[in-house]
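Comments concern the structure below.
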Amino acid sequence: MQQVPRYAITSLPRGPSPDQDLRGARFLVMLSVSPEQRRGRVPELAVAFPHSLARHEASMKTTGNTLLITGGTSGIGRALAEAFHDRGNRVIVAGRRRALLDRMTAARPGMVGLCVDLDDPASLSSFASEVRARFPDLNALIANAGISRGENLAADDWDPADAKAIVQTNILGVLRIIAALLPVLKRQANATIMATSSNLAFVPRADFPTYCASKAFVHSWLQSLRHQLRKVPVEVLELAPPYVRTQLTGPQQAEDPRATPVEVYVAEVMQLLERADHPRGEVLVERDRARRWAERDGRYEETFAAMNPD
């Protein structure tokens with residue numbers, strides 16, 4: 001009986017690196033046969049990495065979406081809402097404060113503002129029902145909840161109330177909005193969930209312990225969500241901003257020259273989305289990358305020490 005040759009993937013030119021998107025990459029496949037069969041030469045076959053093995057066939061578009069964003073009345077959320085609106089998307093901004101929503105939407109015809117309190121089950125249920133009724137074609141959700149507070153865990157009067165508030169907003173707020181709107185997104189031909197973590201998810205600032213831990217939770221949880229939705233046409237992206245000029249930690253951050261201007265950061269994010277340049281579902285601007293790979297590159301202790309001097 002003739003032996004059936006066996007194939008094995010033996011190499012990938014120049015990689016893959018952790019940042020490499022394998023769609024369309026070419027592998028070298030070696031055909032394992034007997035010496036008599038190969039007659040001194042090993043057959044080679046170059047094959048393309050099949051698109052069906054990629055996490056999702058379609059990546060997030062930057063035009064033609066019906067997109068809902070939480071935390072969209074200030075900071076990075078507002079800049080993203082405006083950037084998508086400028087590209088002709090139908091943008092719904094969700095938040096607690098009606099006055100802020102009204103001012104924002106008044107300046108941008110076509111943008112919609114919806115009130116919701118993610119800590120209130122009744123408010124969230126009513127909100128989800130309104131979204132399903134008014135926007136059945138919703139195909140993109142940006143979960144952008146986030147608050148930050150410094151904590152001195154060594155103080156005798158340390159009170160975990162701040163930690164509780166951070167967990168409530170940064171973790172449960174993200175989970176609740178995704179749970180409420182995922183059924184709508186799953187009905188679309190292609191949809192996207194993008195949630196905001198932080199560069200501090202990878203190497204923490206010790207004086208913001210719960211904030212950093214909450215963003216590390218979001219990073220891990222999104223990996224699990226991405227895996228569980230791998231057979232569903234819902235792309236899961238993570239936005240991990242560096243230090244950006246917002247009022248996240250107070251007015252001083254918005255004026256700090258060391259921070260990236262929010263408009264510069266969002267412009268780079270939009271470029272990455274337009275190129276579908278987000279391997280593993282992580283939308284990382286250039287300034288994010290060193291901290292993201294500090295542990296892999298053997299620089300974690302050095303990076304942590306530089307961020308947390310004695």
Side-chain angles (χ1 to χ4, degrees), residues 17-19 71 74-79 143-175 195-224 237-269 272 278-310:
S17 73
D19 292 325
S74 63
I76 292 172
R78 179 168 187 148
N144 185 55
I147 61 172
S148 178
R149 296 171 187 169
E151 298 170 276
N152 182 1
L153 308 184
D156 290 341
D157 61 349
W158 174 67
D159 185 343
D162 282 342
K164 180 179 179 181
I166 292 168
V167 169
Q168 187 80 0
T169 298
N170 297 8
I171 294 179
L172 295 179
V174 171
L175 271 59
T196 304
S197 66
S198 168
N199 213 226
L200 294 176
F202 312 126
V203 185
R205 275 271 304 267
D207 50 345
F208 292 89
T210 306
Y211 173 79
C212 297
S214 72
K215 295 304 185 177
F217 175 97
V218 171
H219 170 70
S220 175
W221 188 81
L222 289 174
Q223 289 181 313
S224 297
L237 300 179
E238 176 184 0
L239 195 63
Y243 187 43
V244 177
R245 287 183 201 166
T246 69
Q247 297 204 26
L248 179 66
T249 61
Q252 74 286 347
Q253 182 176 334
E255 304 295 331
D256 193 337
R258 298 171 299 173
T260 301
V262 65
E263 64 275 9
V264 172
Y265 172 68
V266 168
E268 189 173 350
V269 167
L272 292 172
H278 37 71
R280 305 164 312 281
E282 297 177 10
V283 184
L284 298 172
V285 300
E286 188 62 33
R287 191 171 177 180
D288 289 334
R289 298 176 189 271
R291 195 174 297 170
R292 172 67 179 95
W293 301 116
E295 186 167 14
R296 180 201 67 183
D297 296 341
R299 295 181 293 98
Y300 185 92
E301 298 298 333
E302 173 189 348
T303 304
F304 182 89
M307 293 170 55
N308 300 283
D310 289 334

Residue pair H278, L272: steps toward the side-chain contact (heavy atoms from CB on, under 4.5 Å) verdict: CA-CA 7 Å; H278 37 71; L272 292 172; 5.7 Å; no
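When all heavy atoms are compared, the tightest approach of V203 to A294 is CG2-CB, 4.1 Å. Between V174 and A195 the shortest heavy-atom distance is CG1-CB, 4.3 Å. Taking all atoms of both residues into account, the shortest heavy-atom contact from D288 to P242 is OD1-CD, 3.0 Å. Summarising the geometry of P261 relative to V244, their closest heavy-atom pair is C-CG1, 4.4 Å, with the distance given to 0.1 Å. Minimum heavy-atom separation, G150 to F208: N-CE2, 3.3 Å.
For residues 200-221, the set of pairs meeting the salt bridge (charged side-chain N to carboxylate O under 4.0 Å, His left out) definition, not counting sequence neighbours, comprises R205-D207.
Annotation: side chain to side chain donor-acceptor pair (under 3.5 Å) contacts of S198 (sequence neighbours excluded): none. Judged as a side-chain contact (heavy atoms from CB on, under 4.5 Å), and not counting sequence neighbours, the contacts of T196 are N144, L239, P241. Remark: T260 engages R287 in a side chain to side chain donor-acceptor pair (under 3.5 Å) (not counting sequence neighbours). Remark: P160 engages W158 in a side-chain contact (heavy atoms from CB on, under 4.5 Å) (not counting sequence neighbours). Qualifying side-chain contact (heavy atoms from CB on, under 4.5 Å) partners for N152, counting only residues two or more places apart in sequence or in other chains: A154, A155. Partners of E282 by side-chain contact (heavy atoms from CB on, under 4.5 Å), not counting sequence neighbours, listed by chain and number: H219, E238, R280, L284, R292. Remark: Y243 engages no residue in a ring pair (Phe, Tyr, Trp, His ring centres under 6.0 Å) (not counting sequence neighbours). Shown here are the salt bridge (charged side-chain N to carboxylate O under 4.0 Å, His left out) partners of R78, two or more places apart in sequence or in another chain: E82.
Residue E263 places its CD atom among more than 12 non-hydrogen atoms of other residues, nucleotides or ligands, all under 6.0 Å distant.
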Tabulate below the donor-acceptor pairs under 3.5 Å that side-chain atoms of residues 161-168 make, not counting sequence neighbours, or state none.
unit_1	atom_1	unit_2	atom_2	d
D162	OD1	R149	NH1	3.1
Q168	NE2	D119	OD1	3.3

Give every donor-acceptor pair under 3.5 Å between a side-chain atom in residues 301-310 and any protein atom, sequence neighbours left out.
unit_1	atom_1	unit_2	atom_2	d
T303	OG1	R299	O	2.7
N308	OD1	A206	N	2.6
N308	ND2	P204	O	3.1
N308	ND2	F304	O	3.0

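Taking OH of Y211 as the start and OG of S214 as the end, the distance is 6.5 Å to the nearest 0.5 Å. In this structure, CZ on F202 lies 5.0 Å from OG on S197, to the nearest 0.5 angstrom.
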